[in-house]
Amino acid sequence: MERTYRLRTLFDEAAIAARNEELAQSIVAATAPDLLVVAVLKGSFMFAADLIRALHRARAAPQVEFIHLSSYGSGTVSRGSVAILRDIESDVAGRDVLLVDDILESGRTLSFAKDLLMARGARRVFVAVLLEKANKRAVTIDPDFVGFPCPDVFVVGYGMDVAHNFRQLPFVGIVAHGQEEPDLFDGRDQ
Ligand code: IMP
Ligand code: MG
């Protein structure tokens, strides 16, 4: 049976699109022309796709790779170590690399990825995230490019999921709890 969720929009399509253009300008100004973009699957797929097209409009010609990382454990709290479920194919030695992810929270995922690419000889590893949750860091990592600061709530949409739902949404939303939340959008699971 189909369940209906109520979502509250946190960042809408227009705000995300405008911010992506700004991020692309900043990235082009800071990185080498032979930039390699590494999108961290799965959550970054939509952000990465839009950011890469914004980079094209900003006259960059990055190569694009994917790495699939997963925190051990399940649920909505990231804990423990990180596993490589699928690795990149390119040699990063001597290159500028831009890691792209959806959210920086504890920092474990991106810290692991950055250390991995530096250990493989990357010249510089930059980090771009759509959202940054402050005061949630378990390890030290400073993102170079941030779309938006994010409140300490669980967000979905624009690639991000809860239990494999909501990745398809073109905006970032908060799953509403309780009757008092405004009923701005009905999302349906598949
Ligand atoms: P961390 O920085 O290693 O703790 O983990 C960040 C990852 O946790 C992100 O790439 C997401 O996959 C996931 N994550 C953290 N917060 C949220 C959220 O609010 N919604 C959906 N996924 C989240
Ligand atoms: Mg992720």
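In each ligand, atom 1 is the first atom listed, and ligand 1 is the first ligand listed.
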Proximal candidate to atom 21 (C) of ligand 1 [heavy atom criterion; set Val155, Ile103, Val162] = Val155

Out of Glu105, Glu132, Lys133, Lys42, indicate the one that has the non-hydrogen atom closest to atom 19 (O) of ligand 1.
-> Lys133

Heavy atoms, side chains only, cut-off 4.5 Å: are Arg19 and Glu22 in contact?
-> yes

Minimum heavy-atom distance between [X] and [Y], given as atom pair plus value:
X: Val40; Y: Leu99; value: CG2-CD2, 4.0 Å
X: Met46; Y: Gln168; value: CE-O, 3.8 Å
X: Val82; Y: Leu69; value: CG1-CB, 4.0 Å

What orientation do Phe148 and Phe11 show, parallel under 30°, tilted 30 to 60°, or perpendicular over 60°?
-> parallel

Show me which atoms of ligand 1 lie under 4.0 Å from any heavy atom of [X].
X: Ser106; answer: 1 (P), 2 (O), 3 (O), 4 (O)
X: Asp101; answer: 10 (O)
X: Thr109; answer: 1 (P), 3 (O), 5 (O)

For [X], is the nearest heavy atom under 4.0 Å from an atom of ligand 1?
X: Gly43; result: no
X: Asp161; result: yes
X: Val153; result: yes

Output, in order, the C-alpha distance, side-chain angles, deciding distance and verdict of side-chain contact (heavy atoms from CB on, under 4.5 Å) for Leu41 and Ile67.
-> CA-CA 6 Å; Leu41 297 174; Ile67 191 166; over 6 Å; no

Test: Arg124 and Asp144 ion pair at under 4.0 Å | no

So, is Gly107 polar-close to ligand 1, with some N/O to N/O distance under 3.5 Å?
-> yes

